[in-house]
Amino acid sequence: GDLLRSSLADSLAAKGISTEEIIVVEYIFLPSKPEEDENIPHEDWVAGVSVLSSGALLTASYDNCGRVWAGGTDIAAAILRGHVDCSTCCAWVEPSGSDG
């Protein structure tokens, strides 16, 4: 299937499909952006989480930032800026044989 980025009529026309043909349409419900709250560390949806063996967390978010969390607090130890678009996944890289 294709993810439509325009109207259904425009997509059918681009593919040369008649509006008289029967097609199957599936849709993805897109929830609204989270409400702003000073107690929420990320400004948008968190899309990825990775946990280091020591318990430190790394998060990726639609706010174009990654964040490192350590020490069990709700304040990020580091904010990783510089993405020009959403950060949708993340992973820690530990050297072989590392205990974390």
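We're numbering straight along the sequence, starting at 1. All figures in this text were calculated on a predicted structure; none of them were measured in a lab.
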J.: Can you name the side chain to side chain contact (heavy atoms under 4.5 Å, CB included) partners of A13, sequence neighbours left out?
T.: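 By the side chain to side chain contact (heavy atoms under 4.5 Å, CB included) rule, A13 matches no residue at all.
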
J.: Atom CZ of R81 and atom OG of S87: how far apart are they, to the nearest 0.5 Å?
T.: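 Going from the CZ atom of R81 to the OG atom of S87 covers 11.5 Å.
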
J.: Side-chain contact, heavy-atom cut-off 4.5 Å: V68 with W92?
T.: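 The answer is yes, as the side chains (C-beta and beyond) meet within the 4.5 Å cut-off.
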
J.: What I'd like to find out is whether the side chain of T88 reaches to under 4.5 Å of the side chain of Y62, using heavy atoms alone.
T.: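 Answer yes - side chains close enough.
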
J.: Going only through I, L, V, M, F, W and Y residues with side-chain contacts under 4.5 Å, is there a path from I17 to V25?
T.: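 Yes, same cluster.
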
J.: Working to the nearest 0.5 angstrom, can you tell me the gap between K15 NZ and D10 CG?
T.: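 Between atom NZ of K15 and atom CG of D10 there are 13.0 Å.
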
J.: What are the two closest non-hydrogen atoms of A56 and A70, and how far apart are they?
T.: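 Closest approach of A56 to A70: CB-CB, 4.5 Å.
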
J.: Would you say the side-chain atoms of T59 and W69 include a donor-acceptor pair closer than 3.5 Å?
T.: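 Checked: T59/W69 side chains pair up, N/O donor to acceptor below 3.5 Å.
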
J.: Would you check, one step at a time, whether the test side-chain contact (heavy atoms from CB on, under 4.5 Å) holds for L58 with L52?
T.: CA-CA 8 Å; L58 176 62; L52 193 60; over 6 Å; no

J.: Would you compute the distance between atom CG of L57 and atom CZ of R67 and round it to the nearest 0.5 angstrom?
T.: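 Spacing of CG (L57) from CZ (R67) equals 13.0 Å.
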
J.: Where do N64 and C86 come nearest, in terms of heavy atoms and distance?
T.: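 Shortest heavy-atom contact: OD1-N, 3.3 Å.
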
J.: If the condition is side-chain hydrogen bond (donor to acceptor under 3.5 Å, both in side chains), which residues does S11 pass it with, not counting sequence neighbours?
T.: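 Testing S11 for side-chain hydrogen bond (donor to acceptor under 3.5 Å, both in side chains), a comparison that skips the adjacent residues, returns S6.
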
J.: Is I23 close to L8 at the side-chain level, that is, under 4.5 Å between some pair of heavy atoms?
T.: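 Side chain of L8 against side chain of I23, heavy atoms only: contact under 4.5 Å found.
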
J.: Can you name the closest pair of heavy atoms from A60 and C90 and give their distance?
T.: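 Taking every non-hydrogen atom into account, N-SG, 3.9 Å.
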
J.: Treating Ile, Leu, Val, Met, Phe, Trp and Tyr as nodes and any side-chain heavy-atom pair under 4.5 angstrom as an edge, say whether V46 and L80 lie in one connected cluster.
T.: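 As far as the 4.5 Å side-chain criterion goes, L80 and V46 are not connected within one cluster.
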
J.: When you measure from the side chain of S61 to the backbone N and O of W45, does any donor-acceptor pair fall under 3.5 Å?
T.: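 The answer is yes, because a donor-acceptor pair under 3.5 Å joins these two groups.
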
